[in-house]
Amino acid sequence: MILQTGDFVLEDELSDRAERRGQQRVLRERADAPRTRSRAAEGTSRMDCLSVPAERTEGWYLSLMAPSTKGPKYAWLDPSRLYCNSQALADCVKDLLKPFQDEAIDLVAGIDAMGFILGSAVATTLGRGFLAIRKAGHLCVPTRTREYTDYSGREKTMEVRLDVLRPGLRVLIVDQWIETGGTMKAAIQLVEELGATVAGVAAVAIENSDGGRWIKQRYRHAHCIPERLQEQIDKQDLQTIRTVSGSDR
Ligand SMILES: O=P(O)(O)OC[C@H]1O[C@H](OP(=O)(O)OP(=O)(O)O)[C@H](O)[C@@H]1O
Ligand SMILES: Nc1ncnc2[nH]cnc12
């Protein structure tokens, strides 16, 4: 299968990650793409990451995500580009908070690393504090740790300090993305093992993987993917990152 996104095509190609998912996409420059611009230059001229459309349709800011040009060992999209746009970040946070309007939340926990950005924006908007759930090896205080495996297939460890979470505390856990769900599931376990309650889970996207569904079935959750795009996210096949909002900006 070949999908076109502006001057790039996404081609099927074999790899470890592809074998796990049964398919693979790698960005390649289109043969008919203008030759005068470098890929990096194309990335910046393709879409001004600071501009805001006159009409902000549902999920408009998703078009600001940059696709991976680095291959299967990397996350397939990079939402960090949408955080550069203050309106996009504000709208993303607003969307993530919609399901929690009537929910008591005492604290927002964000997962290392990109979950810190979104999580702290959510916490500030909500007027709550922020707890960092860290990849192991950084906290210089007593912690509880948990092993997990994420989309990369690698075994990892995350940890949280022991002196914040306690029974009765309602926590919203935020991360950038849920792919296999391994990372979020480990964070949920840490929060619950320390006696606190998971009030909900929020991420830019929650893929309908086994782990993603496990989370969706058990916890109040929020994400930013309009229903019509969820299938493309699940197939890791977002057909156009430039025009998801309906406007070719
Ligand atoms: O659902 P999973 O398969 O467990 O994957 C989800 C995790 O992967 C990404 O982080 P990543 O480790 O790629 O990058 P980061 O440390 O920069 O946030 C994402 O932000 C989640 O934390
Ligand atoms: N940021 C991300 N984008 C796409 N897929 C991911 N899987 C894990 N993190 C991801």
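Just so it is clear, the values below take in all heavy atoms, side chains as well, and ignore hydrogens, waters and symmetry mates. Positions are given from 1, in the same order as the sequence printed here.
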Residues which pass side chain to side chain contact (heavy atoms under 4.5 Å, CB included) with [X], listed by chain and number, not counting sequence neighbours:
{"X": "Lys94", "answer": "none"}
{"X": "Arg166", "answer": "Leu169"}
{"X": "Ser80", "answer": "Asp78, Tyr83, Met114"}
{"X": "Ala205", "answer": "Trp177, Ile225, Ile233"}

Contacts of type salt bridge (charged side-chain N to carboxylate O under 4.0 Å, His left out), residue [X], not counting sequence neighbours:
{"X": "Glu193", "result": "Arg144, Arg146"}
{"X": "Asp163", "result": "Arg161"}
{"X": "Asp91", "result": "Arg56"}
{"X": "Arg220", "result": "Glu103"}

Could you grab the distance from atom [atom1] of [X] to atom [atom2] of [Y], nearest 0.5 Å is fine?
{"X": "Tyr61", "Y": "Arg81", "atom1": "OH", "atom2": "CZ", "result": "16.0 Å"}
{"X": "Gln176", "Y": "Ile111", "atom1": "CD", "atom2": "CD1", "result": "11.0 Å"}
{"X": "Glu179", "Y": "Met184", "atom1": "CD", "atom2": "CE", "result": "13.5 Å"}
{"X": "Cys92", "Y": "Gln87", "atom1": "SG", "atom2": "CD", "result": "11.5 Å"}
{"X": "Glu231", "Y": "Asp237", "atom1": "CD", "atom2": "CG", "result": "9.0 Å"}
{"X": "Leu97", "Y": "Leu172", "atom1": "CG", "atom2": "CG", "result": "7.0 Å"}

For [X] versus [Y], what's the shortest heavy-atom pair and its separation?
{"X": "Ala199", "Y": "Ala104", "value": "CB-O, 4.0 Å"}
{"X": "Gly200", "Y": "Phe100", "value": "CA-CE2, 3.6 Å"}
{"X": "Ile206", "Y": "Gln230", "value": "O-NE2, 3.0 Å"}
{"X": "Ser68", "Y": "Tyr74", "value": "OG-CB, 4.0 Å"}
{"X": "Trp76", "Y": "Gln232", "value": "CH2-O, 4.2 Å"}
{"X": "Ser51", "Y": "Asn85", "value": "O-ND2, 2.8 Å"}

Tell me if a side-chain donor or acceptor on [X] pairs with a main-chain N or O of [Y] at a distance below 3.5 Å.
{"X": "Asp106", "Y": "Arg170", "value": "yes"}
{"X": "Ser209", "Y": "Gly212", "value": "yes"}
{"X": "Thr143", "Y": "Thr145", "value": "no"}

Cluster link [X] to [Y], ILVMFWY, side chain under 4.5 Å:
{"X": "Leu96", "Y": "Leu82", "value": "yes"}
{"X": "Met158", "Y": "Leu118", "value": "no"}
{"X": "Val160", "Y": "Val171", "value": "yes"}
{"X": "Val174", "Y": "Ile188", "value": "no"}
{"X": "Val108", "Y": "Val198", "value": "no"}

Contact between [X] and [Y] at the side-chain level, heavy atoms closer than 4.5 Å - yes or no?
{"X": "Glu55", "Y": "Pro53", "result": "no"}
{"X": "Asp95", "Y": "Val93", "result": "no"}
{"X": "Leu162", "Y": "Leu194", "result": "yes"}
{"X": "Pro226", "Y": "Leu62", "result": "yes"}
{"X": "Cys49", "Y": "Leu64", "result": "yes"}
{"X": "Leu238", "Y": "Leu77", "result": "yes"}
{"X": "Asn208", "Y": "Lys216", "result": "yes"}
{"X": "Ile178", "Y": "Thr183", "result": "no"}

According to side-chain hydrogen bond (donor to acceptor under 3.5 Å, both in side chains), who are the partners of Asp210, at least two apart in sequence or on a separate chain?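 For Asp210 the side-chain hydrogen bond (donor to acceptor under 3.5 Å, both in side chains) partners, ignoring immediate neighbours, are Arg213.
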
For Lys70, check side-chain hydrogen bond (donor to acceptor under 3.5 Å, both in side chains) against everything at least two apart and list the hits.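 Testing Lys70 for side-chain hydrogen bond (donor to acceptor under 3.5 Å, both in side chains), a comparison that skips the adjacent residues, returns none.
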
Just by distance, with hydrogens left out, do Glu207 and Gln236 show a side-chain donor and acceptor under 3.5 Å apart?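 Side-chain D/A pair, Glu207 to Gln236: present.
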
Is there any ring-ring contact (aromatic ring centres under 6.0 Å, His included) pair reaching into residues 203-230, and which pairs are they, with sequence neighbours excluded?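 For residues 203-230, and leaving out neighbouring residues, there are no ring-ring contact (aromatic ring centres under 6.0 Å, His included) pairs at all.
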
How far apart are the C-alpha atoms of Glu147 and Thr157, what are their side-chain angles, what is the distance that settles it, and do they pass the side chain to side chain donor-acceptor pair (under 3.5 Å) test? CA-CA 4 Å; Glu147 321 271 293; Thr157 307; 3.1 Å; yes

Side-chain polar contacts of residues 125-139 - donor-acceptor pairs under 3.5 angstrom, sequence neighbours left out - could you list them?
{"unit_1": "Thr125", "atom_1": "OG1", "unit_2": "Ala121", "atom_2": "O", "d": "2.8"}
{"unit_1": "Arg128", "atom_1": "NE", "unit_2": "Ile105", "atom_2": "O", "d": "2.5"}
{"unit_1": "Lys135", "atom_1": "NZ", "unit_2": "Asp112", "atom_2": "O", "d": "3.3"}

